[in-house]
Structures are given as structure tokens and as C-alpha cells.
Protein chains: 2
Amino acid sequence: MKATVYVTIKQNVLDPQGSAVQGALHSMGFDEVGKVRIGKYLELDLNTTDRAEAEARLKAMCEKLLANTVIEDYRFELEG
Amino acid sequence: MKATVYVTIKQNVLDPQGSAVQGALHSMGFDEVGKVRIGKYLELDLNTTDRAEAEARLKAMCEKLLANTVIEDYRFELEG
């Protein structure tokens, strides 16, 4: 089973990396760019066939390691 | 218009960050986790209404700044 996890910074938390990219894009002439937010995108192969269990396990992985839930949100998709 | 950009490491390029996360998940008891690949996920607000132009401009942003096309692939989606 393949899992895709998206970890994004919460809306009310500052994103200095996003601001830096926005500034760089502006200085390169891409003036149409407004707010930029940068997150993480993870692809995991899971050796399991039980979808419900995989969801529960993925939730635990996100809470414990993949996302810092104080400042980040996460969501995931399961395929296969 | 809202753009979502996914930047991923090419399949044949080593991903040490992914390997580290895989090792950490294993040591936490998540033994079902196979390969882990980590990429970037960017959300950009674009002050433009011309979809075709936005696509061309986004492609330029990815090639010039957002992705290192020697070792990374990118894809993007436009909404609104």
C-alpha cells in the first residue's frame, strides 16, 4: 500500500521559508506571486493490506514523528 | 488563482532524509514502513486570471528557483 502525507504549516504560524521564496520570486520578476507557504510531501511504502489499520498507524506516525502538531497540520491519502 | 507545486527527488537519486525518517519509524516500531521519499509541497497565491500564462510562468519559476531539475522532478496544479 502506498501512502502520501502532506505536512503544512498552520495558517496562523509564520513561514519564513515561504517568505524567503516569495521575496526571491519577486526579485526575479515574478511579481504576480502573493503568499507562498511551504510544506513537506512524503511518499511511504507500507507492507500492509489492512486499510483501516494502515490509517490508524499512519495517524500515529504523523502525530509522533512526521508532523509537529503544535505548528503543523497533516493529511494523508492511501492508495492500493 | 491558487497554485500547488510538488517537488520530488528523482527516483534514481538517493534520499538521505527519507532514509533517516524510515530508520526512525522502524526504531519506533513501525516495521511495516518500506521506502520513504520526502519532497516539498508549495502553495502559491498568484494575482493573475490567465490560466495559460500562469502555467507558463509557474513552469519558469519551477525551472529557475523552486526545483533543482538535475536531481528533482516537479509538477503543479492550478485552481480557481
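Each chain gets a letter, A, B and so on, in the order the sequences are listed, and its residues count up from 1. Treat the numbers as computed from the prediction; the structure is a model and nothing was measured.
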Checklist line | Rounded distance [0.5 Å steps], OG1 in B:Thr8 versus CD in A:Glu43 | finding: 6.5 Å
Check: Same hydrophobic cluster for A:Leu78 and B:Val36, using side-chain heavy-atom links shorter than 4.5 Å among ILVMFWY?
Finding: yes
Checklist line | Inter-residue atom distance B:Phe30.CZ - A:Leu58.CG, 0.5 Å rounding | finding: 9.0 Å
Margin query: Taking side chain as everything from C-beta outward and backbone as N, CA, C, O, which of these in A:Lys64 sits under 4.5 Å from a heavy atom of chain B? Side chain, backbone, both or neither.
Written below: both
Checklist line | Separation of A:Glu32 CD from B:Asp50 CG (nearest 0.5 Å) | finding: 10.5 Å
Next item on the list: Would you check if A:Met61 and B:Val33 make a side-chain contact, meaning some heavy-atom pair closer than 4.5 Å?
Entry: yes
Next item on the list: Report the distance from atom CG of B:Asp45 to atom CZ of A:Arg37, rounding to the nearest 0.5 Å.
Entry: 10.0 Å
Notebook entry, point to check: Which atoms of B:Ala3 come close to chain A, meaning under 4.5 Å heavy atom to heavy atom: side chain ones, backbone ones, both, or neither?
Noted result: neither
Notebook entry, point to check: Given that the side chain runs from C-beta out, which part of B:Met28 has a heavy atom under 4.5 Å from chain A: side chain, backbone, both or neither?
Noted result: side chain
Check: To the nearest 0.5 Å, what is the distance between CG (B:Leu25) and CZ (A:Arg57)?
Finding: 9.5 Å
Next item on the list: Give the cluster check for B:Tyr74 versus B:Leu65: same hydrophobic cluster or not, with ILVMFWY residues linked at side-chain heavy-atom distances below 4.5 Å.
Entry: yes
What donor-acceptor contacts under 3.5 angstrom involve side-chain atoms of residues 12-21 of chain B, with partners at least two apart or in another chain?
{"from": "B:Asp15", "atom 1": "OD1", "to": "B:Gln17", "atom 2": "N", "distance (Å)": "3.3"}
{"from": "B:Asp15", "atom 1": "OD1", "to": "B:Gly18", "atom 2": "N", "distance (Å)": "3.0"}
{"from": "B:Asp15", "atom 1": "OD2", "to": "B:Ile38", "atom 2": "N", "distance (Å)": "2.8"}
{"from": "B:Ser19", "atom 1": "OG", "to": "B:Asp15", "atom 2": "O", "distance (Å)": "3.2"}

Next item on the list: Kindly work out whether a path of hydrophobic side-chain contacts (I/L/V/M/F/W/Y, heavy atoms less than 4.5 Å apart) joins B:Leu66 to B:Phe76.
Entry: yes
Item checked: Listed partners of A:Lys10 passing salt bridge (charged side-chain N to carboxylate O under 4.0 Å, His left out), at least two apart -> A:Asp73
Next item on the list: Please examine the side chains of A:Lys40 and B:Tyr41, heavy atoms only from C-beta on, and report whether any two atoms are closer than 4.5 Å.
Entry: no
Checklist line | Within one Ile-Leu-Val-Met-Phe-Trp-Tyr cluster: B:Leu46 and B:Val7, side-chain cutoff 4.5 Å | finding: yes
